[in-house]
Amino acid sequence: MTKYNLTHLKELEAESIFILREVAAQFQKPAILFSGGKDSICVVHLAKKAFHPAKFPFPLVHIDTGHNFPETIKFRDNLVKKLGAKLIIGSVQKSIDEGRASEEKGKNASRNAIQTVTLLDTIEENKFDACLGGARRDEEKARAKERFFSHRDEFGQWDPKNQRPELWNIFNGKHQSGEHFRVFPLSNWTEMDVWQYILAEKIEIPSLYFAHQREVIWRNNAWLPVSQYIQIDNGEEVTTKKLRFRTLGDITITGGVESQADTLEKIVEEVAAARYTERGNRADDKRSETAMEDRKKEGYF
Amino acid sequence: MKGYLDMELLRFTTAGSVDDGKSTLIGRLLYDSKSIFEDQLHQVKETSERRGAEEVDLALLTDGLKDEREQGITIDVAYRYFATPKRKFIIADTPGHIQYTRNMVTGASTANVALILIDARNGVVDQTCRHSIIASLLQIPHLIVCINKMDLVNYDEVVFKKIKDDFEDFASKLDVKDVRFIPISALKGDNVVNRSDKIPWYEGSTLLYALENIHIGSDQNHIDCRFPVQTVIRPQTDEFHDYRGYAGRIVGGIFKPGDEVIVLPSGFTSKVKSIDTFEGPVKEAFAPMSVTINLEDDIDISRGDMIVRTNNKPEPKQDIEVMLCWLNNKGPMPRAKYIIRHTTSEAKAMIKEIRYKLDISTLHRNEQEKSIGANDICRASLRTTKPLLIDSYRKNRSTGSIILIDEGTNETVAAGMVI
């Protein structure tokens, strides 16, 4: 590599920082959608870099389903305190209580789909015109077609067939009032890039990503954590496994993988050797072949 | 591990329609480089079976949206990723049909390499020319011509040579510098990742080896210093009371502290005091780094301004000649006005004249044809409300490119390359 070449991680970082600065410059009221997962943690880290030595000009928005891993919430609160950032919480429980969303019934019930209601309400209430998210194009086939600057109409809907062309590094964030954009600075990152970056930058992440002992049941081909939010059938056996989570969603839908990786170095090795995609353990994607595309059209993350 | 941190990033684009094996080729690259996961493969196997296919259809790996799967076509640009120990690759996978020219142009706009696929049975056809012309117009630095389906012509060297000669004949009219030819069979895996023993007469490298080793270090402009200001960073804290940094991404040249610079359009001169990053100040910065520049003097600078060297400036121009690719279904009205975006600056622009429409299968310039619609490429003259700090697209892909935005719908309606 010559002196004037960037490594791929540095180039991805430079691209993401450029995107974050464009968002600050092109929008009136941007925010970061923060789930407490590794990708949104990376977005926050990049935002810190992009505006240094000033604070980044975005509040963090957390859509709280009420079905969280307690570790995620603890991590979130710590991070917000350390950054001195503003945290805005949209509560799915509140949406249910107010009758704006209705809870799913049955054994595999989750609040994953109805988060969209709370998310769109929160965006509307706060008049956000851009929401930064950590979604990556390598995650899922519908996301492979997503733009960096992704337009949402006044109903928060995504129209995949009518997306704005994105050429070179010119991003068009123009919109009517009431519409908003989802912006994805990590579009070109892969799961491996994210882990390498976390390792290289020594970024703090929730303990859930490291191998630990946990009570689980085997359901839908994944180890599902035992919690107060899931019903356990008679036939299902609770066991204790050493495992870790490759993605973090709600505790009701996030399956763990058996693992001995309790350091970042070991996680990177494990990811490099992985034979299954990280979302392979996510019950929300398994509902149908186009589960993600369908949810995204409605306004999902 | 260390190897991974030394990797470079290469972006390449492919274009193709249903039958020329583009999806199979991408599927093959992903599969043979072990970038496909078991659950993805499982899904593809299931779908192949459901459709009654005999073999696993690797092309399904690149299917995206519901409509595309149902119709068996690619409509939009899809981005795909794979890595080898040497490089990380971003593929902009685009449809090949003429009605999707805009998607091809989009995919080509950031690519270092264009893969041109030719069906060995058919040789150079309209679509080959179209893809090559787009690669040339968008100034993709390297072309790799894959002569595919060699298995269907008995791996015959004569067929390969004939196609190579035909292509070189045609390419002499184009503005491309680096072209190489590889005989492959995406279906059988010949010369994609693994060297083929059926093509002993070919002494060049496999496709993956070429992608891993093409020299891309010179693709960036490291000569003409260009720094478009994105935003101004003013912490207004006690610690950084007087800090005023100009945040942006270098799109050309190498900047160093002490450099004499001029800020355009104001024309004030100053010196670079420091180049800051989160990790601290750096001794030099080059494209495509994102940095924050501090100047010795307090000058009024805002988004859209450009910091350049005093002895090497872009030309401030209000009359701009461009090659325009029309992206929107609604064509331009005569003398219609649009918002024009160039780097981080914005103005209004009027299309003064369509000079000619380009036939992108033959390069023929049709000066009689002035009606422009989606997917058309034409040469046009624009007049802007304020001077833009432009270079030619040949010199710099960032400072030489523009987009037009419809004021009513906010849609990006055209992309232009400055002549």
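In what follows, chains are A, B, ... by sequence order, proteins preceding strands, each numbered from 1.
Heavy atoms of other residues, nucleotides or ligands lying less than 6.0 angstrom from NZ of B:K256 number more than 12. The number of heavy atoms from other shown groups lying within 6.0 Å of NZ (A:K29) is above 12. For A:Q176, the CD atom is densely surrounded, since the number of other residues' heavy atoms within 6.0 Å is greater than 12.
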Side chain to side chain contact (heavy atoms under 4.5 Å, CB included) between B:V77 and A:Q163: does it pass, once the steps are laid out? CA-CA 10 Å; B:V77 188; A:Q163 301 194 75; over 6 Å; no
Assess the residue pair A:H52 and B:E279 against the criterion (side chain to side chain contact (heavy atoms under 4.5 Å, CB included)); give the C-alpha distance rounded to whole Å, side-chain angles, the decisive distance to 0.1 Å, and a yes or no. CA-CA 9 Å; A:H52 176 79; B:E279 286 78 17; over 6 Å; no
Intermediate values then yes/no, side chain to side chain contact (heavy atoms under 4.5 Å, CB included), A:I170 and B:S401: CA-CA 9 Å; A:I170 313 180; B:S401 54; 4.1 Å; yes
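Looking only at heavy-atom pairs under 4.5 Å with chain A, the residue among B:G416, B:A108, B:G245 that has the most is B:G416. The candidate with the highest count of non-hydrogen atom pairs below 4.5 Å against chain B, out of A:D138, A:N162, A:L12, A:N188, is A:N188. Highest contact tally toward chain A, considering only B:I402, B:T344, B:I216, is held by B:I402 [criterion: heavy-atom pairs under 4.5 Å]. Each of A:K55, A:E13, A:K10, A:K48 has some count of heavy-atom pairs under 4.5 Å with chain B, and the biggest count is that of A:K48. Across A:E146, A:R137, A:R147, A:Q26, the residue that shares the most heavy-atom pairs under 4.5 angstrom with chain B is A:R137. For the options B:D276, B:T231, B:V291, B:L10, heavy-atom pairs under 4.5 Å to chain A are most numerous at B:V291. By number of non-hydrogen pairs under 4.5 angstrom with chain B, the leading residue of A:P53, A:G173, A:A25 is A:P53. Taking chain A as the reference chain and counting heavy-atom pairs below 4.5 Å, the highest number among B:G248, B:A287, B:P235 is found for B:P235.
Contact annotation for B:E346: only side-chain heavy atoms (C-beta onward) come within less than 4.5 Å of a heavy atom of chain A. With a 4.5 Å cut-off on non-hydrogen atoms, B:R102 does not touch chain A at all. Proximity to chain A (any heavy atom under 4.5 Å) is restricted, for B:E284, to the side chain, taken from C-beta onward. The contact between A:A50 and chain B is made entirely by backbone atoms, counting heavy-atom distances below 4.5 Å. Heavy atoms of B:S218 lying under 4.5 Å from chain A are absent altogether. Both the backbone and the side chain of B:I403 come within contact range of chain A, judged by heavy atoms closer than 4.5 Å.
In this structure, NZ on A:K174 lies 11.5 Å from OG1 on B:T409, to the nearest 0.5 angstrom. Atom CZ of B:F89 is separated from atom OG1 of A:T190 by 13.0 Å, given to the nearest 0.5 angstrom. Residue B:I405 holds its CD1 atom at 7.5 Å from CZ of A:R164, rounded to the nearest 0.5 Å. Rounded to the nearest 0.5 Å, atoms CG (B:D76) and NZ (A:K145) are 6.0 Å apart. Taking CG of A:L9 as the reference point, atom NZ of B:K88 lies at 8.5 Å (rounded to 0.5 Å).
Summarising the geometry of B:L327 relative to A:P165, their closest heavy-atom pair is CD1-CG, 3.8 Å, with the distance given to 0.1 Å. Across every non-hydrogen atom of A:N172 and B:N410, the tightest pair is ND2-O, 3.0 Å. A pairwise comparison of heavy atoms in B:M289 and A:L6 identifies CG-CD2, 3.8 Å as the closest pair.
In this structure, the side chains of A:H8 and B:I90 stay at 4.5 Å or more apart for every pair of heavy atoms. Side chains of B:Q230 and A:E22 form a contact here, defined as non-hydrogen atoms less than 4.5 Å apart. Within the 4.5 Å cutoff, the side chain of B:Y79 has no heavy atoms near those of the A:S187 side chain.
In this structure, A:W168 and B:Y393 have perpendicular ring planes: the angle between them is above 60°, well past the 30° mark.
Looking at A:N169, A:I17, A:I19 one by one, the single match for side chain to side chain contact (heavy atoms under 4.5 Å, CB included) with B:R249 turns out to be A:N169.
Ion pair B:R11/A:E15 flagged as a salt bridge, since at least one NZ, NE, NH1 or NH2 atom sits closer than 4.0 Å to an Asp/Glu carboxylate oxygen.
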